[in-house]
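Just so you know, residue 1 is the first one in the sequence shown, and it goes up from there. As the structure lists them, so they are numbered: ligands from 1, and atoms in each ligand from 1. Computed from a predicted structure; not experimentally measured.
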Amino acid sequence: MPEFYGTHVASRLMLGTAQYPSPRVLEDAFRRSGAGIATVSLRREAGGEGAGTAFWEMIRALGLPVLPNTAGCHSVREAVTTAHMARELFDTDWIKLEVIGHADTLQPDPFGLVEAARILTEDGFRVFPYTTEDGVLGGRLLEAGCEVLMPWGAPIGTGRGLNNVYGLRTLRAQFPDVPMVIDAGLGLPSHAAQAMELGFDAVLLNTAVARAGDPAAMAEGFARALEAGRLAREADPMEPRDMAAPSTPVLGLAVLG
Ligand SMILES: CC(=O)[C@@H](O)[C@H](O)COP(=O)(O)O
């Protein structure tokens, strides 16, 4: 199982806590997913006093490590302030850093992301940056003190899966020893299996489970797909080839007639 900043987690699935039809459904989805980490948006948590407390109690009852996130932050200042509030509220120095660069695509702002990562690392945070598959940007984030990278599969909430498989494979190969989590844009368990087959360590998702007709069943589907994909990765898969090759031996066949 993967290790992030010296902490082993129990599963390769990190699950978001937003958009579920009810707290009960959220709880069921978490239980069936076997998720190793729950990610929580500070903005959602701070939404309403009483509701916030009840929500936090429920998350705590799941007994999982919490990864607070700066979802919805569009500037370095906003993200850094939000991270500080999250550290106080959730009593953890882990932070999933989102600095959004474009309101429509929800694409990360690479410049703001590196700046915020450096500031937060210097402030003692363990930063999990939501980034793209860009290897130069990945390198800058590592230089800024990040020990984990979280490249997107596709823009948040789209459910498109791994949009740029070539870019993700290249990023994985460029930093083979860095723990990497595919974050955002997954829509189906097969996308999670593909992430495992490519050698990523974990996935973080929210919308695909929370918005499914049966979130708990979908959560379990993702958990099983992660296992299958990881197993395949470890089983050393065959190389695809262009030419057909008979899978049934032809030597020693009986000559008929
Ligand atoms: C919950 C969270 O952190 C999201 O910002 C995250 O990136 C998940 O994305 P999806 O909702 O596309 O799975």
- Message: I need the Glu98 CD to Asp109 CG distance, nearest 0.5 Å.
- Response: 12.5 Å

- Looking at atom 7 (O) of ligand 1, what's its closest protein heavy atom, distance included? Asp183 OD1, 2.8 Å

- Message: Under a 4.0 Å threshold between the charged nitrogen and the carboxylate oxygen, would Arg87 count as salt-bridged to Asp123?
- Response: no

- Does the side chain of Val181 come within less than 4.5 Å of Asp201's, by heavy atoms? no

- Query: So, the side chain of Ser41 versus the backbone of Ala71: is there a donor-acceptor pair under 3.5 Å, distance only?
  - Reply: no

- Item | Ala184 and ligand 1 - part of the residue with a heavy-atom distance under 4.0 Å | both

- Message: Tell me whether Asn206 has any N or O atom under 3.5 angstrom from an N or O of ligand 1.
- Response: yes

- Task: Report, in ascending order of atom number, the atoms of ligand 1 lying under 4.0 Å from any heavy atom of Ile156.
- Result: 5 (O), 7 (O), 9 (O), 12 (O)

- Using distance alone, decide if ligand 1 has a nitrogen or oxygen within less than 3.5 Å of any nitrogen or oxygen in Lys96. yes

- N/O to N/O below 3.5 Å, does that happen between Tyr130 and ligand 1? no

- Same apolar cluster (I L V M F W Y, side chains within < 4.5 Å links), Leu15/Met180: yes

- Task: Describe, in one word, how the ring planes of Trp94 and Phe128 are oriented to each other, choosing from parallel (under 30°), tilted (30 to 60°) and perpendicular (over 60°).
- Result: tilted

- Item | Part of Asn69 with heavy atoms under 4.0 Å of ligand 1, whether side chain, backbone, both or neither | side chain

- Query: Hey, which atoms in ligand 1 end up nearer than 4.0 Å to a heavy atom of Leu205?
  - Reply: 13 (O)

- In terms of side-chain geometry, is the basic nitrogen of Glu122 or Arg118 positioned less than 4.0 Å from the acidic oxygen of its partner? no

- Does Gly185 reach ligand 1, in the sense of a heavy atom lying below 4.0 Å from it? yes

- Message: If I apply the N/O under 3.5 Å rule, does Gly157 come out as touching ligand 1?
- Response: yes

- When distances are taken from atom 11 (O) of ligand 1, the protein heavy atom at minimum range is Thr207 OG1, 2.4 Å

- Task: State plainly whether the residues Arg60 and Asp91 are in salt-bridge range, i.e. N to O under 4.0 Å.
- Result: no

- Mind checking the CG-CG spacing from Leu113 to Leu97? Nearest 0.5 Å is all I need. 5.0 Å

- Message: Measuring from non-hydrogen atoms of Glu98 to any atom of ligand 1, is the shortest distance under 4.0 Å?
- Response: yes

- Give a yes/no verdict on whether any heavy atom in Ala18 is under 4.0 Å from an atom of ligand 1. no

